[in-house]
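To start, the structure under review is shown below, and the notes come after it.
Both backbone and side-chain heavy atoms feed into the values below; hydrogens, waters and symmetry mates do not. Proteins get letters first, then strands, A, B, ... in listed order; numbering begins at 1 in each.
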Protein chains: 2
Amino acid sequence: MASSNDSEVRNRSRRGSGRPTLADVAGLAGVGSITVSRALRDPERVSPELRQRIAAAVNELGYVPNPSARALASARADVIGVLVPSLTNNVFSEVLRGIHDGLGNCPLQIQFGNTHYSDEEEERLLRVFLGQRPSALIVSGIDQGPTTRQMLQEAGCPVVQIMEIGPDPVDMMIGFSHLEAGKVVARHLIDVGCKRIGFLGARMDPRSRRRLAGYEAVMREAERFDVALVTTTISPSSVSMGVSLFHKALEKTPDLDGVICNNDDLALGVLFACHRAGLKVPAQISIAGFNDLEMMEVASPSITSVRTPRYEIGQRAIAMARAAIDGERPRRAVVDLGFELKIRESTMRAAVPAF
Amino acid sequence: MASSNDSEVRNRSRRGSGRPTLADVAGLAGVGSITVSRALRDPERVSPELRQRIAAAVNELGYVPNPSARALASARADVIGVLVPSLTNNVFSEVLRGIHDGLGNCPLQIQFGNTHYSDEEEERLLRVFLGQRPSALIVSGIDQGPTTRQMLQEAGCPVVQIMEIGPDPVDMMIGFSHLEAGKVVARHLIDVGCKRIGFLGARMDPRSRRRLAGYEAVMREAERFDVALVTTTISPSSVSMGVSLFHKALEKTPDLDGVICNNDDLALGVLFACHRAGLKVPAQISIAGFNDLEMMEVASPSITSVRTPRYEIGQRAIAMARAAIDGERPRRAVVDLGFELKIRESTMRAAVPAF
DNA sequence: TTGTAAGCGTTATCAC
DNA sequence: GTGATAACGCTTACAA
C-alpha cells in the first residue's frame with residue numbers, strides 16, 4: 001500500500017461535492033496525490049509506469065480537476081480577462097472570435113467584460129478581474145484613465161492593449177493607426193476628384209476621433225476643410241443613423257459630392273439614403289466606409305472601405321499573451337498590423353481635373 | 001484584542017499573493033474572520049457597529065475577495081456558463097448583450113463557450129464548464145446530443161435552453177417556435193400574390209431547418225411546393241452567400257417571384273443582387289428576411305422580416321437562471337416569447353387574384 | 001450575534 | 001522520481 005492516509009481523511013469529511021478528487025485518483029493508482037498532480041500538469045516529470053496507472057485511474061473515476069482549488073493553491077487562475085467596449089458592434093465580435101480561435105484548446109479560460117464605452121465601468125470590471133489574479137489581460141484601446149492605467153501597470157501579469165497602437169504601451173500593444181487610416185481614405189476621395197467631402201461619425205470614441213483627425217489633417221492640407229462638412233453624434237452607430245447623419249449633412253452642405261463614413265454601418269445607410277433620394281453613386285456622390293464588413297463587397301454598388309485586421313488582432317493578442325505567460329517576454333512590444341484601402345465602385349469615378 | 005491568531009499565522013506564511021485577506025481585514029477590524037465573511041455576503045446578519053468597522057477596514061486595506069477560495073470552500077462558483085454556436089452571427093451577439101445586461105451588477109460571472117455549431121465541441125465545453133461547478137447553465141437550442149443532454153440533466157444546477165421552445169425541456173426553456181415563424185412568412189408571401197416562392201437557407205442548423213419545415217408545410221397546403229424552389233447550403237450565412245444562393249435559385253426557377261430568406265444577411269444579398277440584375281423589388285420579386293436586423297427597416301426598399309426577441313431571450317434567460325439559483329424554481333418552465341412579422345416595402349405589392 | 005475548528009482540493013516546499 | 005506536510009483564503013458546522 002503506497003497510499004497515504006489521503007483517502008481515509010476524505011472518507012471522514014463532512015463537506016465536499018462528492019466528485020472524485022486528486023486523492024481519490026491517487027488512492028486508486030496507489031501513489032501520492034502530489035504525483036497525480038504532477039502527472040497531470042507535467043507528465044515528463046513522472047515515470048512512464050506511474051503515468052499510465054494514473055491515467056487509468058483518472059479514466060475510471062472520471063476525474064475532472066477543480067480549477068478553484070488549483071487557482072487557490074497556485075495563487076493564479078488560468079484565466080485571461082478581456083475588456084471590450086461593445087458586444088453589439090460586429091467589429092468586436094470578430095475580435096472575440098479571433099481570441100477564441102487563438103486559444104485553440106489550451107486550458108486557458110476567457111473572461112469577458114463589456115465596458116459599454118465607459119471609463120468607470122472599465123475600472124470597475126478591471127477591479128473584479130484583478131481579484132481573480134488572471135494570467136493575462138487584454139483591453140481595448142490606448143486611452144485608459146489614469147486609475148485604470150495604474151491598475152494595469154501593477155496587475156502583475158502580461159497586458160495587451162488592442163485595436164490601436166500608440167507611443168506608450170502599458171506592456172504590449174497590437175492594432176493599427178486610426179489616424180493614418182483616416183488620412184488614407186480622405187486622400188483617396190480627393191484623388192478621385194471629390195470637392196466637397198463630408199465626414200460622418202457616430203459614437204465618436206477615441207479611435208473614431210483619431211480617424212476624424214486624419215481626415216481633417218488631409219483636408220486642411222488640401223485647403224478643403226470646412227467644419228460644416230463634419231457631422232457626428234455620440235449616439236451608437238447603426239445603418240439608420242447613417243441615414244439620418246447623411247440627411248443632416250445634406251442640409252448643411254447640399255453640394256456634398258463625397259462622404260467618408262466612420263464605419264460601414266453608416267456607409268450602408270448613406271447608400272440606402274442615396275437610393276431613396278435618387279442620387280447616383282458614385283456619379284453624383286462617392287461613399288467610403290470603414291472596417292470592410294463582408295457586405296461592402298457585394299453591395300450595389302460595392303462600397304469602398306478600409307479593411308481592418310479585426311480577427312487577426314484577437315488571434316495575435318492571445319498569442320502574445322500566451323508567449324508572455326510562458327516567459328517569452330518581449331515586453332513593451334508594439335505590433336502594427338496595418339490596414340488596407342479597398343477601392344470599389346462607390347468611389348470609382350474618373351478623376352476630375354482640379355479646375 | 002478580539003483578534004485570534006489569524007493574522008499571526010499569516011505573517012509566518014510562505015506562500016500567498018501578498019494581497020490582503022479576510023483575516024487581515026478581521027485583524028484590523030478587531031473581529032473574527034468569519035464575521036467579516038458574513039458581513040460581506042449577508043450584511044443583515046452582522047450588527048451595524050461591526051458592519052461599519054469591517055467596511056472601514058475593507059476600504060483601508062483595499063480588500064478584494066478571492067473568488068477561488070470562495071468557490072473552493074462553498075463547492076460552487078458564482079459563474080453562469082453560456083454556450084452559443086457562433087460569435088459571428090449578430091443574432092447571438094444580441095443574446096449575449098441581453099445576458100450581460102440581465103446580469104446587472106450582481107456578482108455573477110459569465111463564462112462563454114463557442115460551440116461552432118458542433119455537438120462534439122458543445123460536449124467538450126460543457127465538460128469543462130461543469131468542472132467549475134457553475135451556478136447555472138445556458139445553452140442554445142433544444143437539439144443537444146444524448147450525452148450532452150444527460151450531462152445537463154445531471155448538472156445539479158438550473159439549466160436554461162434558449163432560442164427555441166419544444167416539448168421536452170431539460171429544465172427551463174425560453175424562445176419561440178421557428179416552425180411557426182416559417183409558416184407565417186410563407187403565408188404572407190402567398191397572401192401578397194406570389195406564385196413561385198423560393199426558400200434560401202445557409203448554415204441549416206436545426207432552427208433553420210424548422211423554419212424551412214414551416215415554409216414547406218404551408219407551401220404544400222397551398223399546393224405550391226416544389227423542391228426546386230428550395231436552395232440551401234451548409235456553409236455559413238453571409239450577404240454574399242445570399243447573392244450566390246439567389247443566382248442558383250434563379251437558374252433552377254427563373255420564374256421566381258418571391259424569396260424567403262432564412263435570415264436577413266441573405267435577404268440583403270438578394271436585394272443587392274436584384275439591384276444589379278435590374279429586377280424591381282417588389283414589383284417583379286418579393287423578398288422576406290428573418291430576425292429583423294435594424295438595417296431592414298431603412299434598406300431601400302425596406303425589407304419584410306420576422307422580428308425575433310433576441311435581446312429579451314438573453315435578458316430573461318438570466319432572470320430565470322437567477323430566480324432558480326435563488327430557489328424560486330418554476331422548474332420545467334417553457335416560455336414562449338413569440339415573434340412578429342414586420343411587413344415592409346419588399347413584399348408590398350397589390351395582391352394578385354389567383355388566376 | 002459572534003466565534004472556533006475543520007475542512008474545500010490543489011500545489012509549493014522540502015526531504016528522501 | 002516520489003512523497004509527507006503545510007499552506008492557499010474562504011465557508012460550513014457547530015458551539016457559545
Side-chain angles (χ1 to χ4, degrees), chain A residues 1-7 9-27 29-51 53-54 63-78 131-133, chain B residues 1-7 9-27 29-51 53-54 63-78 131-133:
Chain A
M1 293 318 116
S3 159
S4 66
N5 60 355
D6 272 350
S7 41
V9 167
R10 218 186 129 50
N11 290 336
R12 273 188 262 124
S13 75
R14 297 169 303 179
R15 299 193 321 205
S17 54
R19 298 174 39 153
T21 71
L22 217 46
D24 296 329
V25 175
V31 299
S33 34
I34 188 65
T35 305
V36 178
S37 173
R38 277 198 276 257
L40 261 34
R41 280 176 301 156
D42 194 1
E44 306 289 303
R45 300 186 40 177
V46 173
S47 70
E49 196 203 311
L50 288 191
R51 213 185 298 167
R53 288 226 307 270
I54 289 168
Y63 168 75
V64 179
N66 181 328
S68 304
R70 181 204 297 269
L72 181 59
S74 63
R76 111 210 276 271
D78 291 335
Q132 323 230 22
R133 265 137 257 182
Chain B
M1 293 318 115
S3 161
S4 65
N5 62 353
D6 272 350
S7 42
V9 166
R10 217 183 131 47
N11 289 337
R12 275 188 263 123
S13 74
R14 297 168 303 176
R15 299 194 321 208
S17 55
R19 299 174 38 152
T21 72
L22 215 49
D24 295 328
V25 176
V31 300
S33 33
I34 187 65
T35 305
V36 179
S37 171
R38 278 198 275 257
L40 260 33
R41 280 176 301 156
D42 194 0
E44 307 289 304
R45 299 186 39 175
V46 172
S47 68
E49 197 204 311
L50 288 191
R51 212 185 300 167
R53 287 225 308 269
I54 289 168
Y63 168 75
V64 179
N66 181 329
S68 305
R70 181 204 297 268
L72 182 58
S74 63
R76 111 210 270 271
D78 291 335
Q132 323 229 23
R133 266 138 253 182

Distance in angstrom units between [X] [atom1] and [N] [atom2], rounded:
| X | N | atom1 | atom2 | answer |
| --- | --- | --- | --- | --- |
| Arg76(B) | dT11(D) | CZ | P | 12 Å |
| Leu72(A) | dA6(D) | CG | P | 17 Å |
| Leu22(B) | dC8(D) | CG | P | 14 Å |
| Ile34(A) | dG1(D) | CD1 | C1' | 12 Å |
| Asn66(A) | dG9(C) | CG | P | 7 Å |

Over all heavy atoms of both residues, which pair between [X] and [Y] is shortest? Give the atoms and the distance, please.
| X | Y | value |
| --- | --- | --- |
| Pro67(B) | Gly131(A) | CD-O, 3.4 Å |
| Ala71(A) | Ser68(B) | CB-OG, 3.2 Å |
| Tyr63(A) | Thr21(A) | CE1-C, 3.6 Å |

TODO: Kindly say if Ser47(A) contacts the phosphate of dT2(D), meaning a side-chain N or O under 4.0 Å from OP1 or OP2.
DONE: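 For dT2(D), OP1/OP2 do have a side-chain N/O of Ser47(A) under 4.0 Å.
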Open item on the list: Does dT1(C) have OP1 or OP2 under 4.0 Å away from a side-chain N or O of Arg45(B)?
Closed with: no
Open item on the list: Which residues in residues 35-44 of chain A have a heavy atom closer than 4.0 Å to any atom of DNA chain C?
Closed with: Ser37(A), Arg41(A)
Task: Inter- and intrachain pairs under side-chain hydrogen bond (donor to acceptor under 3.5 Å, both in side chains), touching residues 42-51 of chain B, at least two apart - done: Glu49(B)-Arg53(B)
Open item on the list: For a quick check of understanding: with a heavy-atom distance under 4.0 Å over all strands, which category does Pro65(B) fall into, base, sugar-phosphate or nothing?
Closed with: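 Touches sugar-phosphate only.
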Open item on the list: Once rounded to the nearest 0.5 Å, what's the spacing between atom OG of Ser37(A) and atom CZ of Arg70(A)?
Closed with: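 Output value for this atom pair is 7.5 Å.
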Task: side chain to side chain contact (heavy atoms under 4.5 Å, CB included) against Arg133(A), all qualifying residues, sequence neighbours excluded - done: Ser17(B), Arg19(B), Asn66(B)
